[in-house]
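Heads up, the thing below is written out as structure tokens.
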Amino acid sequence: MEHLPQQYRHLFPTLQTHTMLASCSQSALAEPVSRAIQDYHDSLLYMGTNWKEAIEKTEFARNEFAKLIGAEPDEVAIVPSVSDALVSVASSLTAFGKKHVVYTDMDFPAVPHVWQAHSDYTLSVIPSIDGVLPLEQYETHISDETVLTCVPHVHYRDGYVQDIKAIAEISQRKSSLLFVDAYQSAGHIPIDVKEWGVDMLAAGTRKYLLGIPGVAFLYVRKELADALKPKASAWFGRENGFDGAYAKGARRFQTGTPAFISVYAAAAALSLLNHIGVSHIRDHVKTICADAVQYAAEKGLKLAAGQEGIQPGMVAIRDERASETAALLKKKKVICAPREKVIRLAPHFYNTKEEMRHAIDEIAAKTIHK
Ligand SMILES: Cc1ncc(COP(=O)(O)O)c(C=O)c1O
């Protein structure tokens, strides 16, 4: 699998000077993505207007994201962030007459923030047990009164990967809708919304999707989308921007003009990822993570609990002073992402086994791990 970095590293200028292992936060910028950002800028600078081109680029990005997750383009809304996706979802569920929403203690904080701001819903939090979320927890906490179950595909801190198909089976059996936060998985773990039976799924572009902030995607299953009337929806969510009818499908979850510059970046990035194939990326990332896990153990480093789930795509190393260690590593041009008491090494298809080992050597030299 070392052929992926060999084939594609030249597209990432930063890799010549830096060890880039922070894909769970911001991946390295690829030249085609950089060119796309420049194209948006140049089209304004030299053509004066680029509205038509920007709308076409938005549709291209929608198609590419749909391809990445096994959906139809009409099932994908373009929104500013994963948080905004959830705000639109939360504004759309009152018609069901059920008020119970569940999420997990592994969800990114934006998820509870959105639900806690709504007085329309009663909330339950599914607790993890020793860094994992056994399926029995879903059996226990989802009930026939649950309108929506929110789960992260991958835990943002530990990299713990959940079996979404199995969770979807449970939520369907209990007639709950399922929303999947795929921000930490899209781009390095294959996703198939149809095969898994997912109702809604969201992901932003700055992590493993190789883009920049400003745009995210929300999948809503076609029949479900057509039955919902999100209150957080505006002219980009209308059939014709200037009349009142909701657009067909997931577009009705859109509000205003997208951040086109980020859409240009996303279009180029998604097209590169689809060209490579996420299943190849997954194989490569798994292989170098497995090597790194073993190497970290040899160096006496302790891993975060969730590392025992379905093989994670990041190596999360415990460190009481994670931010301090990451700042020291940054001075040595090793870019990784600290989160609470964990340093996350989150490689992508362009990284090598040697880079992971280099970062581990640096962490082992500096860390005060417990
Ligand atoms: C799993 C997950 N969900 C949601 C978010 C928040 O995304 P946004 O800033 O696009 O709302 C993050 C950001 O790090 C995340 O890791």
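The structure displayed is predicted, hence computed values, not measured ones.
Salt bridge present: E195 and K165 bring a charged side-chain N and a carboxylate O closer than 4.0 Å. Under a 4.0 Å N-O distance rule, the pair K330/E362 does not qualify as a salt bridge. Salt bridge R221/D199: present, at least one basic N to carboxylate O contact under 4.0 Å.
Proximity of E139 to R173: side-chain heavy atoms (C-beta onward) are separated by under 4.5 Å at one or more points. In this structure, Y246 and D226 have side chains that are not in contact, with every pair of non-hydrogen atoms separated by 4.5 Å or more. L345 has its side chain within reach of I363: a pair of non-hydrogen atoms, C-beta onward, lies under 4.5 Å apart. Inter-residue side-chain proximity for Y350 and S27 is flagged as met; some heavy-atom pair is nearer than 4.5 Å. In this structure, the side chains of V215 and I78 come closer than 4.5 Å at one or more pairs of heavy atoms. Under the 4.5 Å side-chain criterion, counting only non-hydrogen atoms from C-beta, E340 is in contact with R157. Residues P134 and V132 meet the side-chain proximity criterion, which asks for heavy atoms closer than 4.5 Å. Taking the side chain as every heavy atom from C-beta outward, V161 and I189 approach each other to under 4.5 Å.
With hydrogens and angles ignored, the 3.5 Å screen pairs a side-chain donor or acceptor of E75 with a backbone N or O of E72. With hydrogens and angles ignored, the 3.5 Å screen pairs a side-chain donor or acceptor of T17 with a backbone N or O of T14. A donor-acceptor pair under 3.5 Å is formed between the side chain of E239 and the backbone N or O of K248. A donor-acceptor pair under 3.5 Å is formed between the side chain of R252 and the backbone N or O of L228. Here the side chain of T146 pairs no donor or acceptor atom with the backbone of I142 at under 3.5 angstrom.
With D291 as the partner, the side-chain hydrogen bond (donor to acceptor under 3.5 Å, both in side chains) test is satisfied by one option alone out of K286, R357, K353: R357.
Looking at residues two or more places apart in sequence or on another chain, you find a side chain to side chain contact (heavy atoms under 4.5 Å, CB included) between I126 and V102, T104, L133, Q137, Y138, H141. Under the side chain to side chain contact (heavy atoms under 4.5 Å, CB included) criterion, K341 pairs with E320, not counting sequence neighbours. Considering only residues two or more places apart in sequence or on other chains, D74 meets the salt bridge (charged side-chain N to carboxylate O under 4.0 Å, His left out) condition with R251. Looking at residues two or more places apart in sequence or on another chain, you find a side chain to side chain contact (heavy atoms under 4.5 Å, CB included) between E355 and R9, T19, N351, T352.
F60 and L210 end up in different hydrophobic clusters when Ile, Leu, Val, Met, Phe, Trp and Tyr side chains are linked at under 4.5 Å. Under a hydrophobic clustering in which Ile, Leu, Val, Met, Phe, Trp and Tyr are joined whenever their side-chain heavy atoms come within less than 4.5 Å, directly or via other members, I69 and L273 fall into the same cluster. L86 and V101 fall within a single hydrophobic cluster, where Ile, Leu, Val, Met, Phe, Trp and Tyr are joined by side-chain heavy atoms under 4.5 Å apart, directly or via other members. In the hydrophobic clustering of this structure, F12 does not group with I212; members are Ile, Leu, Val, Met, Phe, Trp, Tyr whose side-chain heavy atoms approach within less than 4.5 Å, directly or through other members.
For residues 79-97, every residue pair satisfying the side chain to side chain donor-acceptor pair (under 3.5 Å) rule, not counting sequence neighbours, is listed here: S81-D84. For the ring pair (Phe, Tyr, Trp, His ring centres under 6.0 Å) condition, the pairs that include at least one residue of residues 186-233, sequence neighbours left out, are F65-F217, H153-W196, H188-Y208, Y208-H348. Within the structure, every pair that satisfies the salt bridge (Lys or Arg N to Asp or Glu O under 4.0 Å) test and touches residues 60-70, not counting sequence neighbours, is listed here: E59-R62, E64-K67.
Under the 4.5 angstrom side-chain criterion for Ile, Leu, Val, Met, Phe, Trp and Tyr, L328 has no cluster partners at all. Through direct or indirect side-chain contacts shorter than 4.5 Å among Ile, Leu, Val, Met, Phe, Trp and Tyr, Y183 is connected to V82.
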List the atom pairs, donor and acceptor, that lie under 3.5 Å between side-chain atoms in residues 259-272 and the rest of the protein, sequence neighbours left out.
{"residue": "S262", "atom": "OG", "partner": "P213", "partner atom": "O", "Å": "2.7"}

Review item, side-chain donor-acceptor pairs of residues 33-42, under 3.5 Å, at least two apart:
{"residue": "Q38", "atom": "NE2", "partner": "D42", "partner atom": "OD1", "Å": "3.1"}

Extract all donor-acceptor atom pairs below 3.5 Å that involve side chains of residues 45-54 and protein atoms in other chains or at least two apart in sequence.
{"residue": "N50", "atom": "ND2", "partner": "S43", "partner atom": "OG", "Å": "2.8"}
{"residue": "K52", "atom": "NZ", "partner": "E56", "partner atom": "OE2", "Å": "3.0"}

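Judged purely by distance below 3.5 Å, without hydrogens or angles, the side chains of T149 and S176 pair a donor atom with an acceptor atom.
A cation-pi contact, defined as under 6.0 Å to the ring centre and within 45° of the axis, is absent between R339 and Y156.
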